Amino acid sequence: MVNFGVRGHDVTGVQTPEELGCALEAYGVHNVQLALAKSFPTLPSGAREINPGMGAQVRRALAAHGVEVAVLGCYFNMIHPDPAERAAGIAKFEAYLQNARYFGAPIVASETGSVDVTFAYTEENFTPAAFEVAAQVIRGLCRVAERFGAIVGIEPGVNHPIHDAETFGELVEYVDSPALGLVLDPTALMPPGGAGDAVAIAREMLERFGERVCACHLVDYSVQEGKLVRCGIGAGVLPARELVKLFCSARPAGYVITEFTEDEGIRRVVEELGDVA
């Protein structure tokens, strides 16, 4: 059986951990990638608010429905041009690393950001300077993670300083930490125009960094007016079954987390792909 998880805010109409756990149980899902502010917008969950009691309460509520937190999402712009904004993101991520164990979450995850704060595509993200800033931030986060037994899950993306196998390999050498993990999303690594091979991308990343892969994202896509558009599983052209089989072969029982697939679509994916061996 595939060890499916979902992005928590893809479950709509829920406001509390209890409601989220109930919905995921009904869909047959046992793991969640949880962005606290997105799933529970009325719950203060910044660097100053997140705490062990909050983690324990969320963990108990989800566990009552057989659901665990696979990943705490704490996505921020690691190369934000404003040092104050960057420092605030780092402080929040460090607080999440410190408290992740109380949520039962082994991984705290983020992408690596953009020099353009609107995240418009720019090759300025691919410069040595952008890589250096991101790598320094990640190295510091990994040192914190080592202290608390957590994993820093880095999700490479085509419009980020860590954007392919080569730059992730350079990151591994620069950071030199067992706490550095890879959140693998093949769709995020495809060219902006969609003229790529998601399976080939995934295979290369798994072959080169399989022991670092702590979670895999399953995101469908279509190409509209020459642009890649992300969507729910089954609404695009992603070879989802082939990818799930590849993931599970390389990382048995590893987390396979859907994104952009909402509500009843989650149940359908679990029913259609849950038997992949």
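Keep in mind that the numbers below use all heavy atoms, side chains included, and drop hydrogens, waters and symmetry copies. Small disclaimer: the values here were computed from a predicted structure and weren't measured.
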Under the criterion side-chain contact (heavy atoms from CB on, under 4.5 Å), I'd like the reasoning laid out for R241 against V276: C-alpha separation, chi angles, the key distance, then a yes or no.
CA-CA 7 Å; R241 178 169 286 272; V276 173; 3.3 Å; yes
I would like to know whether R267 and E264 meet salt bridge (Lys or Arg N to Asp or Glu O under 4.0 Å); could you show each step before the answer?
CA-CA 5 Å; R267 188 200 308 273; E264 285 299 321; 2.8 Å; yes
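When hydrophobic clusters are built by joining Ile, Leu, Val, Met, Phe, Trp and Tyr residues whose side-chain heavy atoms come closer than 4.5 Å, directly or via intermediates, V29 is not grouped with Y255.
Heavy atoms from other residues, nucleotides or ligands lying under 6.0 Å from NE2 of H163 number more than 12. Within 6.0 Å of atom CD in E68, 12 or fewer heavy atoms from other residues, nucleotides or ligands are found, so the atom counts as exposed in its surroundings.
Residues L36 and F103 are in side-chain contact: their nearest non-hydrogen atoms beyond the backbone lie under 4.5 Å apart. Inter-residue side-chain proximity for P52 and N99 is flagged as met; some heavy-atom pair is nearer than 4.5 Å. The shortest side-chain heavy-atom distance between V158 and L189 does not fall under the 4.5 Å cut-off. Using a 4.5 Å heavy-atom cutoff, the side chains of R143 and S177 are in contact. Using a 4.5 Å cut-off on side-chain heavy atoms (C-beta onward), L184 and F209 make no contact. For the pair F247 and L206, the minimum side-chain heavy-atom distance is below 4.5 Å.
Side-chain polar atoms of E132 and Q136 form a donor-acceptor pair below 3.5 angstrom. Side-chain atoms of D164 and T167 include a donor-acceptor pair closer than 3.5 Å.
Proximity of a side-chain donor or acceptor of D10 to a complementary backbone N or O of G8 within less than 3.5 Å is not detected. N31 places no side-chain N or O within donor-acceptor distance of the main-chain N or O of V67, the cut-off being under 3.5 Å.
Residue L171 holds its CG atom at 6.5 Å from CD1 of I154, rounded to the nearest 0.5 Å.
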Would you list the atom pairs, donor with acceptor, under 3.5 Å between side chains in residues 75-91 and any protein atom, with sequence neighbours excluded?
| unit_1 | atom_1 | unit_2 | atom_2 | d |
| --- | --- | --- | --- | --- |
| Y75 | OH | Q33 | NE2 | 3.4 |
| Y75 | OH | E155 | OE1 | 2.6 |
| N77 | OD1 | I79 | N | 3.2 |
| N77 | OD1 | H80 | N | 3.3 |
| N77 | OD1 | S114 | N | 2.9 |
| N77 | ND2 | S114 | O | 2.9 |
| H80 | ND1 | D82 | N | 3.0 |
| D82 | OD1 | A84 | N | 2.9 |
| R86 | NE | H80 | O | 3.1 |
| R86 | NH2 | H80 | O | 2.8 |

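R268 has no carboxylate O lying under 4.0 Å from a charged side-chain N of E271, or vice versa, which leaves the two without a salt bridge.
Annotation: cation-pi pair R7/F260 present, NZ/CZ under 6.0 Å from the ring centroid and within 45° of its normal.
F131 and Y174 have perpendicular rings, their planes meeting at more than 60° on a 0 to 90° scale where under 30° would count as parallel.
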